[in-house]
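Worksheet: the structure to be examined is printed underneath.
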There are 2 protein chains.
Amino acid sequence: MQRIEHHASHGGWQDVWRHESTVLGCTMNVGVYLPPQSANRPCPVLYWLSGLTCTEQNFITKANAQRYAAEHGVIVIAPDTSPRGDQVPDAEGYDLGKGAGFYLDATQAPWSAHYRMHDYVVNELPALVAAHFPATDARAISGHSMGGHGALVAALRNPGRYRSVSAFSPIVAPSQVPWGRKAFAAYLGDDESQWNAWDACELVATARERLPLRIDQGGDDEFFDTQLQSGRLLAACDAVDHPIDLRIRPGYDHSYYFISSFIGEHFIFHMRQLNQAR
Amino acid sequence: MQRIEHHASHGGWQDVWRHESTVLGCTMNVGVYLPPQSANRPCPVLYWLSGLTCTEQNFITKANAQRYAAEHGVIVIAPDTSPRGDQVPDAEGYDLGKGAGFYLDATQAPWSAHYRMHDYVVNELPALVAAHFPATDARAISGHSMGGHGALVAALRNPGRYRSVSAFSPIVAPSQVPWGRKAFAAYLGDDESQWNAWDACELVATARERLPLRIDQGGDDEFFDTQLQSGRLLAACDAVDHPIDLRIRPGYDHSYYFISSFIGEHFIFHMRQLNQAR
């Protein structure tokens, strides 16, 4: 782990670390916010997964999460959105390949050698965090758009791993919408039965855990109807009595202006779980 | 005035407007944040001037000022840092020409035809704001680095125009440091006696007004000693008993992580003046 950026922020430190990922077979950057409290005691950890076209930079520069992480005393881990480097296969377009890892473990060539973002986020990254930072084992996860999908799937596939999950404008039913269908066909192949294991609406139907789940969705989001369709997750949760707090925010779009407006509420939501002694 | 961006943010609207500037002889973009209160009543206005290499985008995407502008009910106007367009002269390097207007009115060819950012910020822009937005005539001004210099000079040259001035990491004595000397020689010519009218340390010595003045400076700012030198302004203020609240922040650098950490305190500082009935 090599620290490549180091900025004082809200009494703590917004850093960027670079490391060799065994899972992904490439060099990765990851944003790490250490709140002031972490100088004196271990802190819980919030993972943030960004959306299509993003790197580790978008969230750390635009969301202003540091203000709330410092207030509540939580470490924030913001990884990149895909494997990177010349050896990593890519595709034309913003919605497949680099910057578009979809937080799954690909099974199809040429993607399967490197595109294993689920394994990276759920296993390799938490082990690195535990080894290098003053972190407790209390974890929450959140994300935006493709990263909201990633957060929901990470939490639903791994009961007990996270205490709560939230998302901004998530893709909730990737098997049913253009972004998801294109990515899943490439990464997972044409057998759509294999897609269910990476689809939040499918996973919630068989969830063993009743995980606190919060979603904010902009009412004027240009991708709401075509790609995101959070109403599908509301219906899927209602069908099995899984908790969901879905808030449609009139006027808000898909941008970080939306995220920065409500990220403080998501911290409060997660801290209710993260602060509980277990 | 043409609105080219429109984003809901913290209950208000972060917009970007495009207009033809008579003063600058070119098309300009300007960030405009309208707080929720402005839907019902006129609001005071904070002008923000950004630093070298910036456009109107840096502050509106990274500073999280919207959170505080919404809380306090203040319009925030964030212009670009220089004239723009193919007809506008430019120079090699990031510290002269486009992105480096230094908020002065150039007297030397080829700069003098377009580089009139002081006149633009102090006169043309407030007139546009008054005509198009629900603004009172209570104004404050702030900025970062080159923009901190611009804010100090705008306030000190125009008594009565602003109720308060603040800056993050400002260039306080441009006549004495490399960035300022290069720009002033180009824009104002080799007669250094002409430079005093654009140098905050010189202007404060003869200031007729005792304007509330607040500065935050990162203690680990890589430009602190070579370009910024806020101690010079402290000395100049002390010599004439001009108020100054200078806060050196250990560990903080020159980035927007620094600005976003303390911008909330600057809003509180300015609102003390902006909220007074006059």
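Proteins come first, then strands; the chains are lettered A, B, ... in the order of their sequence lines, and each starts at number 1.
Rounded to the nearest 0.5 Å, atoms OH (B/Tyr256) and OG (A/Ser9) are 14.5 Å apart. Considering CD1 of B/Ile263 and CG of A/Asn64, their distance stands at 11.0 Å, rounded to 0.5 Å.
Your options are A/Ser255, A/Ser260, A/Pro250, and the one with the most heavy-atom pairs under 4.5 Å with chain B is A/Ser260. Annotation: maximal heavy-atom pairing with chain B below 4.5 Å, among A/Gly251, A/Ala70, A/Gly11, occurs at A/Gly251.
Of all the heavy atoms in B/Tyr257 and A/Thr61, the pair that sits closest is OH-CG2, 3.5 Å. When all heavy atoms of A/His7 and B/Asp253 are compared, the pair lying nearest together is ND1-OD2, 2.7 Å. The shortest non-hydrogen separation linking B/His10 to A/Ser261 is N-OG, 2.7 Å.
With a threshold of 4.5 angstrom between heavy atoms, B/Tyr252 approaches chain A through its backbone and through its side chain.
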